[in-house]
Each structure stands twice: as C-alpha cells, then as structure tokens.
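Shown next, in structure tokens, is the structure this report addresses.
Reminder, nothing fancy here: chain letters follow the sequence lines and each chain counts from 1. What you are looking at is a predicted structure, and each value in this text was computed from that prediction instead of being measured.
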Number of protein chains: 2
Amino acid sequence: MARAEPARAVTLSDVARLAGVSVATASKALNGRDQVKDSTRQRVVEAADQLSFSPNPLARGLLAGRTGTVGLLTSDLEGRFVIPILMGAEDAFGAGQVNVFLCDARGDTIREQYHLRALLSRRVDGLIVVGRQTDPRPSLGHDIPVPVVYAYAPSDDPADLSITPDNVSAGRLAVEHLVACGRTRIAHITGEHAYAAARDRAEGVQAALHAAGLELVGDVMYSEWSERWGRDAAAVLLTRHPEIDAVLCGSDQISRGALDTARDLGRTVPDDVAVMGFDNWEVLTTNARPELTSIDANLQQLGRTAAQRVFAALDGVDIGSGTEYVAGRLVIRGSTVARR
Amino acid sequence: MARAEPARAVTLSDVARLAGVSVATASKALNGRDQVKDSTRQRVVEAADQLSFSPNPLARGLLAGRTGTVGLLTSDLEGRFVIPILMGAEDAFGAGQVNVFLCDARGDTIREQYHLRALLSRRVDGLIVVGRQTDPRPSLGHDIPVPVVYAYAPSDDPADLSITPDNVSAGRLAVEHLVACGRTRIAHITGEHAYAAARDRAEGVQAALHAAGLELVGDVMYSEWSERWGRDAAAVLLTRHPEIDAVLCGSDQISRGALDTARDLGRTVPDDVAVMGFDNWEVLTTNARPELTSIDANLQQLGRTAAQRVFAALDGVDIGSGTEYVAGRLVIRGSTVARR
DNA sequence: AAACTCACCGAAAAGGTTTTCTGAACATAG
DNA sequence: CTATGTTCAGAAAACCTTTTCGGTGAGTTT
C-alpha cells in the first residue's frame, strides 16, 4: 500500500512525559534556552531522540509569526531561464532551514494574484518573483507584508528590489572576445526587438565596437529567437557581406542556425568566420560543430543572490531597492578559437 | 523599501466582532456549516469581505492534522524530463487548495533523506518523488506516514505506486508510423544501454518490426544521448547499409545528429530516408530541417496523474500499488512525411 | 533563625481556527 | 398552559509549541 498508518505524530508532551518533566521544560531544553539543568536537558534530548520527535512547524509558526517558508512565484516554468534561477534559490534556501513553495502562474496575471494570495495566507516569510524576460514587469505593490525580491524580470517600480542579468555588459564581453580574436568585421543577428535582452545586448555590442574603433557590418538584425531565423539571417548576411569574419548571435539557438548556414555556404568556422551566442545552453553549445562559444548569464548565481537578499531581509537587514545586475561570463569553445 | 509594514493580519475574531457574532458562529458561517441563520451568515460574509479576511492555514492545519501541502522531491531539476512533470503536478494541485514544496536532491541520497525529513516534519499531506530516469529507484520505504507516488522513475518496490512512461509501446508506436509510411528498411540508433528508456524503446521497436514481418537493419546502436553520437552512428549506418529508408532515433538530440549526417551525405529527408526521434523536445524538433517527427511522452499528463493519485489517497481512496504506464503520442512532422 | 539570593521547574497564556456541546428563544402540539 | 421540538448562537475545548512569570527548595548572609 502506498498509504501507511496515520500513526498520530509524536508531540512535545509525549517527550515531556517520557522524560518526566513538563512540556515547558521540555521545550526549553530542546531549544537551548537556559533555566534548565544540564542533566534534565540531557534526559529530554534522549527522550526526544528515542521518540524521534520533530516539532510541529504549524504550531511553532502560529506562535512565532514565522513559518520558515518562502514563496517562489514564477511566470513560466517552461522557459529554460527560470529553471536555473529556481535551482539557485532552492539551493540557497535549502541550506538554511527554509522550504520553498513553488507556484507557476503560467504568465497569467489572474493566476498570479491567486497564487500570491495563497502564499500570503500561508504566511510565507518572503517572496521571490521570477519572470521569463528581462523586461520590467508590473510590481506586486507595496502592501505585501513580507520582503519581495524580483529575479530575472525586474519590477517596474524602482522602490522594489530586482536582480537581473547585465545584458549590456554581456554584449560588450562578447565583442571584446571577438576583437581579441582578431575579428574586425562583425555582424549581429538577434531575437525579437520587443525583448529588452535583445536590445540591451545590442547596445553593449555597439558600445564595445565603438570603443574598439569598429563598426557593425550591416544593421542589427532583429527577428525571432529561433534556429530558423539564425539560418535565414546568416544566409542574407554572408552573401551580401562576404567580408564578415564574425557573426555574433543573440542566443545559442540563433548561433546554431548561423553555424548551419556557414557550413552550407562552404565557410569554415572558426577560421573563416567566427560564430558565438548567448545563454550557454549546453545542449546546443556542446553538440554543435564546432562547439559554440557563448556568454553564460550565471542564472544559478542570480537565483542564489535573490535568496540571499530575502534571507537578509528576514534578519531585519534593509536590503535596499533598485535593480542589481549580475554579470555574465564568457565560455570559450571551438566556434571562435581554433582548437590547438 | 522592499519590506512593508507588518500590519497584523486580520483574524476571525476581527470578523466576528465586526459582524457582531462570536468566533464560533463566524467560523460556521464562513465554512458553510448549517446551524446559522441566513441573515447572520450574510452579515459575517460581508464583514469578512470588508476586512478581506483569509483564514490562517497554520491554525487550521494545526487542528485538522492536514496542512494542504505536498512535497515534490526531485532528484534532478536540471534534467528536462522533470520540468514538465513538475508543471503538470503543480497545475493539478494548484487547482485544488494545495501548495507544493519543491525540493531538489541533486541526485544525492543524503540530500534526499535530509529533504524528506524536512518535508515530513512540515507535515506535508503527500509526496511525489520525481526521478530523472525511467530506471527503478530505491523506495523511500514504508514507514512514511503520508501517501507517496513515484513519477517517471518507478520505485523498485512493487508495493509502492509508480507512474512512468510506457517506452515499450512508444517504440512500437514509432515503428508502426514508419511502416505506415511505407518504410521497410529501418535502423535504430539510441542512447546509453544502461538506461531502461533506451532498452524499452528498442524492445518495442523489435516487437513492432516482428509483427510487421520486418527486421531491423543492423543491430540496435547504443551509445550516448547526444547529437554527436547521432551524427557518427548515422554516418556508419548509412554508408554500410545504403538501402536504409528510415532511421529511428532514441531521442530528438540523436535525431538532429542523424539529420545532419543525412544532409552531409546528400540523402534527402524524408523522401530518401525518414528520420524520427523520441521526447518531442520542441526546441529541437521544430527547428530542424525538416522538422522532426517524434514521440511525445506526455510528461505533463504524467505529472497530473501523479497529483491526482495523491489527491485520491488524501480522500482516503486506496490508490493501490504497482507501476502505471502512461502512453506516448505520435507527433508527425516533415522528417517522416513529405509536406504536401 | 530570619531574610535573602539563586537555580531550576511548571502552570498558564497565547497564537487562530474548528468542533462539540450547552443553552436560549421560539414555535408547535397536546 | 405545559410539554416537546426546532433553530440558531455562543462558550469552551482542542490542536501543539513557546514564553512569561510565579513558585519551590537549597544554599548563603546577617
């Protein structure tokens, strides 16, 4: 049977009875308060061990007003950016004594409100709101009785605390790498212009090119975040501007498409033309021919940071407000640097 | 500030006071018990609305012995099979009044035990254990005071209830599709032999071929679950057995590799040779040239089913034991059927 | 010996809700 | 007018833990 016996849980009074003390004393003994003789404390601890007692967090939370739980409100579990953040946060909390309530609003505001209510009524001690894009999202407001940290998608209210990837510097990082590899005729294919991630990276790209005294070959090519677009855009670019020696792509998916096109056109990577992307999605990057250089957004770190901010707020620290940026990191593979 | 005012939560006695009744009456009124006059009930409901009262689930759970929470214990959040299951489960629970504690053991038994303890001490009402492979995993045992359902990875103890994809029938489904498309010289490239998923699918493949009076071209090629392996294996197969008219791959990743090789060798897909995979991982399938036919394992459905079983157990239904199989579904795209 | 300090323990309240049981008001039947 | 029943409201207990405060006994001081 998958269902075991109800077996009433062992309570503190069971422990107290076994140890021959009152519940008050038992509580104090187990919680390390003073006012308990050492020998008594030991008797209680032994009794608790013997019964494998674990205090009921409901009763404890009812009294303390703290539950040792936080809510993780995501707008889109499907999106692959949310998962690493979630892992980082879960990791950071799990190390403490905090457990995580997961709620997926599926991008629906109604559902988000519903979950928010549920979480608050469960008296979570804090809240992390994870969005699927780096575009600002509506704030949950300020009548929330617990600390809130926005991750990935920042809040549109500067009075909130948000933690988001630094896409501008990521774009810069990418160009600096290409320039360091000796590339000077660089083109940029990226995703939807509606995405701040695309625009921010492009901004960083332009800035770094400018700083290096270079100019982008052609315009920034915005369209969709897909391999297909990568193929099509690269085909246009490479035929119209055969002098291109590097294609910087807004995502690894686009990179994969560009790589395919380069191969179709008989261009060799990386000797003839370098290709690199963003996100460092390993399934795509490490299986490409050649493997893809990419900028990793350090999302797991971002999740951990968000969790730490919530922790700090729980300890009464003022965690401030505004947007905090997490830098990306360059992961070099064969698509920009020939294997030695 | 990210931290708002504590603003003591409104309690039932606030509502009762406003409505001019006792807490007992207020409770009964709000919970739809009888023994309350309609006019009184209405007064209470209005008062509750006005104060936007929501009952404290801690207090409620303390009394009822139920917390309205379940634990979701995963061994690997990173793996992409876990996420859809998690979504399905979260979805099913969220519709009820149940919230989900998420714990990621990262494939570590110690951490799993730790999280299990934490969840039990939080008095979760039920537990779903999600593994990353379809190979049986060690049972958590039977001294767990709440219902447990194993998802994806079944328990190695037949006394537990497990829900897992039906990979044998998925393999059969795939071959039946290829045969229906008129393919007769079919090869099978798949992932690690150590994975039950690979072996089960291969078993289904062989069974369906036999039923159709066909034989596999070459042996089942086991190795790793990667594009690279798909490329290499397809190269070997297609040169050694040029008569092959369909390559059935153990995953979409392998399919992508096979597809690349077919293109490199100048074979046209699907006219000359059909390619199909398993998992229906849309990022890979819909961006391939041509788009990839695949078998979807219905993982979200699997998650929902697991949640429903836990629900049933909570309602006192005996949910039985053993392993329940979830069928896959065929998703036809251009890699097996020429676009009209 | 009385007054005092000190170390330790336990009774009781608190936290918010649900449920059971008692009791009051009122209506109906005899 | 009494007996019986019905309907509804409230008091109190229960759930489990923590904390405050009062109390007991032993030891110490005057």
Side-chain angles (χ1 to χ4, degrees), chain A residues 6-45 47-48 51-69 97 117-118 120-125 145, chain B residues 6-45 47-48 51-69 97 120-125 145:
Chain A
R8 201 184 57 79
V10 24
T11 83
L12 186 58
S13 47
D14 297 330
V15 177
R17 194 172 323 118
L18 180 59
V21 299
S22 72
V23 284
T25 306
S27 172
K28 281 181 285 197
L30 292 177
N31 290 316
R33 329 282 295 140
D34 46 5
Q35 298 199 327
V36 177
K37 193 156 50 167
D38 277 354
S39 61
T40 311
R41 184 188 308 279
Q42 192 171 347
R43 263 207 336 279
V44 173
V45 169
L51 300 176
S52 68
F53 165 77
S54 78
N56 185 328
L58 274 64
R60 181 180 266 179
L62 185 56
L63 201 52
R66 272 217 200 173
T67 55
T69 62
Q97 301 293 334
R117 253 193 248 277
L120 289 180
S121 85
R122 280 204 190 278
R123 306 296 192 269
V124 292
D125 296 333
Chain B
R8 200 183 60 77
V10 24
T11 80
L12 186 58
S13 43
D14 298 330
V15 176
R17 195 172 322 117
L18 180 60
V21 299
S22 71
V23 284
T25 307
S27 171
K28 281 181 286 195
L30 293 177
N31 291 315
R33 330 281 298 138
D34 46 5
Q35 297 201 328
V36 177
K37 193 156 49 168
D38 277 354
S39 63
T40 311
R41 185 188 307 277
Q42 192 170 347
R43 268 209 331 281
V44 173
V45 169
L51 299 177
S52 68
F53 165 77
S54 78
N56 185 328
L58 274 65
R60 181 179 268 177
L62 184 56
L63 197 53
R66 274 214 198 172
T67 55
T69 62
Q97 301 294 332
L120 290 180
S121 87
R122 281 207 189 277
R123 306 290 195 273
V124 292
D125 295 334

Just how far, in rounded Å, is [atom2] of [N] from [atom1] of [X]?
{"X": "B/L30", "N": "C/dT19", "atom1": "CG", "atom2": "C1'", "answer": "15 Å"}
{"X": "A/L58", "N": "C/dA14", "atom1": "CG", "atom2": "C1'", "answer": "16 Å"}
{"X": "A/F53", "N": "D/dT18", "atom1": "CZ", "atom2": "C1'", "answer": "11 Å"}
{"X": "B/R122", "N": "D/dT17", "atom1": "CZ", "atom2": "P", "answer": "14 Å"}
{"X": "B/L12", "N": "C/dT18", "atom1": "CG", "atom2": "C1'", "answer": "9 Å"}
{"X": "B/D14", "N": "C/dG16", "atom1": "CG", "atom2": "C1'", "answer": "11 Å"}
{"X": "B/R66", "N": "C/dG16", "atom1": "CZ", "atom2": "P", "answer": "24 Å"}
{"X": "B/R60", "N": "C/dG16", "atom1": "CZ", "atom2": "C1'", "answer": "11 Å"}

Find every protein N or O atom lying less than 3.5 Å from an N or O atom of nucleotides 7-10 of chain C, and list the pairs.
{"unit_1": "C/dC9", "atom_1": "OP1", "unit_2": "A/T40", "atom_2": "OG1", "d": "2.3"}
{"unit_1": "C/dC9", "atom_1": "OP2", "unit_2": "A/K37", "atom_2": "N", "d": "2.8"}
{"unit_1": "C/dG10", "atom_1": "OP2", "unit_2": "A/S22", "atom_2": "N", "d": "3.0"}
{"unit_1": "C/dG10", "atom_1": "OP2", "unit_2": "A/S22", "atom_2": "OG", "d": "3.4"}
{"unit_1": "C/dG10", "atom_1": "OP2", "unit_2": "A/T25", "atom_2": "OG1", "d": "2.9"}
{"unit_1": "C/dG10", "atom_1": "O6", "unit_2": "A/K28", "atom_2": "NZ", "d": "2.6"}

- Query: What distance separates A/Q97 CD from A/T69 OG1, expressed to the nearest 0.5 Å?
  - Reply: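 Rounded to the nearest 0.5 Å, the CD-OG1 separation comes to 13.5 Å.
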- Matching residue for A/T67 among A/L58, A/D125, A/L62 - test: side chain to side chain contact (heavy atoms under 4.5 Å, CB included):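 Of the listed residues A/L58, A/D125, A/L62, the side chain to side chain contact (heavy atoms under 4.5 Å, CB included) partner of A/T67 is A/D125.
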- Heavy atoms under 4.0 Å, any strand shown: does A/D34 hit a base, just sugar-phosphate, or nothing?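 Here A/D34 touches no strand at all.
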Please examine the side chains of [Y] and [X], heavy atoms only from C-beta on, and report whether any two atoms are closer than 4.5 Å.
{"X": "B/K28", "Y": "B/V21", "result": "no"}
{"X": "B/R123", "Y": "A/S54", "result": "yes"}
{"X": "A/V15", "Y": "A/V44", "result": "yes"}

- Task: Return each pair, listed once, that meets salt bridge (charged side-chain N to carboxylate O under 4.0 Å, His left out) where at least one residue sits in residues 29-38 of chain A; pairs must be two or more places apart or across chains.
- Result: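 Passing the test, one end in residues 29-38 of chain A: no pairs.
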Measure across [X] and [Y] and return the closest heavy-atom pair with its distance rounded to 0.1 Å.
{"X": "A/F53", "Y": "A/V10", "result": "CD1-O, 3.5 Å"}
{"X": "A/P57", "Y": "B/S121", "result": "CD-O, 2.8 Å"}
{"X": "A/P145", "Y": "A/L120", "result": "CD-CD2, 4.1 Å"}

- Per B/L63 side chain, nearest of listed nucleotides D/dC16, D/dT18, D/dC15: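 Side chain of B/L63 sits closest to D/dC15.
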- OP1 or OP2 of C/dT18 sitting under 4.0 Å from any side-chain N/O of B/N31?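 So the side chain of B/N31 is within the cut-off, an N or O lying under 4.0 Å from OP1 or OP2 of C/dT18.
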- Query: So, is A/R33 close to the D/dT18 phosphate, meaning a side-chain N or O under 4.0 Å from OP1 or OP2?
  - Reply: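 Checking A/R33 against D/dT18: no side-chain N or O falls below 4.0 Å of OP1 or OP2.
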- Message: Please report the end-to-end axis angle for the helix from C/dA1-D/dT30 to C/dG30-D/dC1, five pairs per end, rounded to 10 degrees.
- Response: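 Overall, the helix from C/dA1-D/dT30 to C/dG30-D/dC1 bends by 70° from one end axis to the other.
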